[in-house]
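In what follows, a structure is listed as C-alpha cells, so that the remarks can point back to it.
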Amino acid sequence: MTEPTGPTGPTGPHEVDVPADRPREAPPGVDPVEAEAQAGTGVADAFGRLWTPERMAYIKGENKPPGGSHAAEDCPFCTIPGMGDEEGLVVARGAVSYAVLNLYPYNSGHLMVCPYRHVSDYTDLDRDETAEVADLTQRAITALRRASGAQGFNIGMNLGSVAGAGIAAHLHQHVVPRWGGDTNFMPVVGRTKVLPQLLAQTRDLVAEAWPGG
Ligand SMILES: [Zn+2]
C-alpha cells in the first residue's frame, strides 16, 4: 500500500454525515453490529481496495462550513458545481442537480446527488428537481454496478443536523455501494490523509460507467 502523501489532494469540501463523537456510525439502514461483524473479511473489487483514512480529516472538521454557517456562500455543495469535474470530483451533471464523489466516503464509490439550489429540505425540491435527483440516483446505481460490481446499496438523506446531516443547509442524497464483507468500518489508525489518486481514479471509473440516455 502506498504511504499517505499529505494534504495534496482535491480540497472539494465534501462530507459524510457523522457527528465527531461517533466516527464509526453505520450508514442509514445499516446495522452497526452486523457491519462490525463483517469487517475484516474484505473481498477484492474493481476499485482495488477499501481504505478510508480520509474520514479522520472530516471528523477533525476539515471543509465544513465555518462556524456552522448555513449561508450559500459558505456551502460546499454550492461551490462544487463551479469547479471542474476532476477538481470537484463531479461524476455527472444534470439540468437541475449533479452527482459528486464524497471526499470522506463510507465506502469506495460513495457519492451524493444534490440539487444545484441551496435548499435544505426534501419538500423544498420542485418537481423537476425531485425527478432528476431520483434519475441521477438510479444512474449512479447503474454506474457503480458497472464500475465496481457493487452488490448492494445504502441510499438516503439525513434531514437536519439532529438526523445526522453534517451539512444540513443543502440537501444531498447519499448513494453508498456495498459489498459482502466490505471493510469500511475497520478501525482507522494514526494520522492519515486522503489519497487523492484513489479518489481521482474512482471518479474516472464511475464517470466512464455513467449511463447516458
Ligand atoms: Zn448550498
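Every number for a ligand or one of its atoms is a count from 1 in the order of the listing. When a residue number appears, it is its place in the shown sequence, counting from 1. Both backbone and side-chain heavy atoms feed into the values below; hydrogens, waters and symmetry mates do not.
Note on the Zn ion (ligand 1): protein N, O or S atoms under 2.8 Å away count 4, no waters included.
Take Asp85 and apply the side chain to side chain donor-acceptor pair (under 3.5 Å) test, not counting sequence neighbours, and it matches Arg93. By the side chain to side chain contact (heavy atoms under 4.5 Å, CB included) test, Ala72 pairs with Cys78, His118, sequence neighbours left out. Among residues two or more places apart in sequence or in another chain, the salt bridge (Lys or Arg N to Asp or Glu O under 4.0 Å) test is passed with Arg117 by Glu129.
From Asn107, atom CG reaches atom CG of Asn102 across 11.0 Å, with rounding to the nearest 0.5 Å. In this structure, NE2 on His174 lies 8.5 Å from SG on Cys114, to the nearest 0.5 angstrom. Between atom CG of residue Asp128 and atom CG of residue Asp135 there is a gap of 12.0 Å, rounded to the nearest 0.5 Å.
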